[in-house]
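First the structure, in the form of structure tokens, and then the observations on it.
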Amino acid sequence: MAVFLRLGVLCGAQGGRALFLRTPLVRPAHISAFLQDRPTPGWTATQHIHLSPNRHSGSKAASLHWTSERVVSVLLLGLLPAAYLNPCSAMDYSLAAVLTLHSHWGLGQIVTDYVHGDASQKAAKAGLLALSALTFAGLCYFNYHDVGICKAVAMLWKL
């Protein structure tokens, strides 16, 4: 209780409740020094920030890839309700392609951001390509030899 009253007095409150914060609260030293442009002892001004390699810097390919990622995401938003309303083999194969492509690009960004070193990144991207190819082949196999993605989801919802 005494802590709240002291905090209330510090913040300009009456009766222990803060109405307006008139004085700044205590901040950690490194944030306070950062905000006031004063160095803190032990704080170095140099920071190393890892950036992902940008092979397509300033090229049309990067813009086209970004645009195609957004188109696939919007297509997926429309394809999911359409597949629910009209389950057919065309929807099954479209879902297989779009879901595989969407997940491949998403996992590719994770590899780019978190796997360091050229050899490791090449191996991870090769593994991702194999995983994506197996995913697409498995979904196509499921669509052809079983009920398909749309009907399988409908069967799961009936449970």
Side-chain angles (χ1 to χ4, degrees), residues 11 18 20-21 23-40 42-159:
C11 296
F20 300 102
L21 293 177
T23 59
L25 296 176
V26 178
R27 292 178 284 195
H30 65 279
I31 294 174
S32 179
F34 174 75
L35 293 175
Q36 297 173 7
D37 291 332
R38 282 186 275 151
T40 300
W43 177 265
T44 60
T46 306
Q47 290 190 10
H48 300 284
I49 299 172
H50 173 74
L51 298 175
S52 301
N54 194 358
R55 285 179 242 113
H56 306 294
S57 179
S59 72
K60 183 92 171 152
S63 176
L64 183 63
H65 181 74
W66 186 88
T67 304
S68 59
E69 283 180 345
R70 299 313 172 265
V71 167
V72 166
S73 296
V74 170
L75 181 67
L76 192 56
L77 284 173
L79 193 60
L80 291 175
Y84 174 74
L85 296 173
N86 184 24
C88 61
S89 64
M91 288 293 174
D92 288 335
Y93 287 104
S94 298
L95 277 173
V98 172
L99 287 172
T100 303
L101 187 60
H102 183 73
S103 63
H104 177 77
W105 282 339
L107 290 172
Q109 285 302 311
I110 292 172
V111 167
T112 301
D113 289 342
Y114 294 108
V115 177
H116 305 295
D118 289 335
S120 300
Q121 201 168 49
K122 284 182 183 180
K125 287 191 177 191
L128 176 61
L129 188 61
L131 177 68
S132 297
L134 284 173
T135 301
F136 182 68
L139 288 174
C140 288
Y141 181 84
F142 182 74
N143 288 337
Y144 188 75
H145 292 289
D146 210 336
V147 295
I149 298 172
C150 296
K151 289 183 184 175
V153 171
M155 289 168 63
L156 284 172
W157 281 349
K158 284 183 182 179
L159 292 176

Handout entry: 4.5 Å side-chain heavy-atom contact, His104 and Leu131
Key = no
Completion exercise
Minimal heavy-atom distance between Asn143 and Gly148, with the atoms involved, is OD1-CA, 3.4 Å
Output a table of donor-acceptor pairs, distance under 3.5 Å, between side-chain atoms of residues 88-97 and any protein atom two or more places apart or on a different chain; print 'none' if there are none.
| from | atom 1 | to | atom 2 | distance (Å) |
| --- | --- | --- | --- | --- |
| Asp92 | OD1 | Ile149 | N | 3.3 |
| Asp92 | OD1 | Cys150 | N | 2.9 |
| Ser94 | OG | Ala90 | O | 2.7 |

Handout entry: Approximate separation, where rounding is to 0.5 Å, of Asp146 CG and Leu139 CG
Key = 12.0 Å
Fill in the blank from the handout: Separation between OG (Ser103) and CG (Leu128), nearest 0.5 Å, reads 8.0 Å
Exercise for the section: Drop me the distance from Leu99's CG to Leu79's CG, to the nearest 0.5 angstrom. Expected result: 7.5 Å
Practice task
Rounded to the nearest 0.5 Å, what's the gap from CD on Gln121 to CG on Asp118? Could you check?
Solution key: 7.0 Å
Completion exercise
Taken to the nearest 0.5 Å, the spacing of His65 NE2 from Lys60 NZ works out to 15.0 Å
Completion exercise
For Val72 and His102 the tightest heavy-atom approach is CG1-CB, 4.2 Å
Fill in the blank from the handout: Separation between CG (Leu129) and CG (Leu107), nearest 0.5 Å, reads 12.0 Å
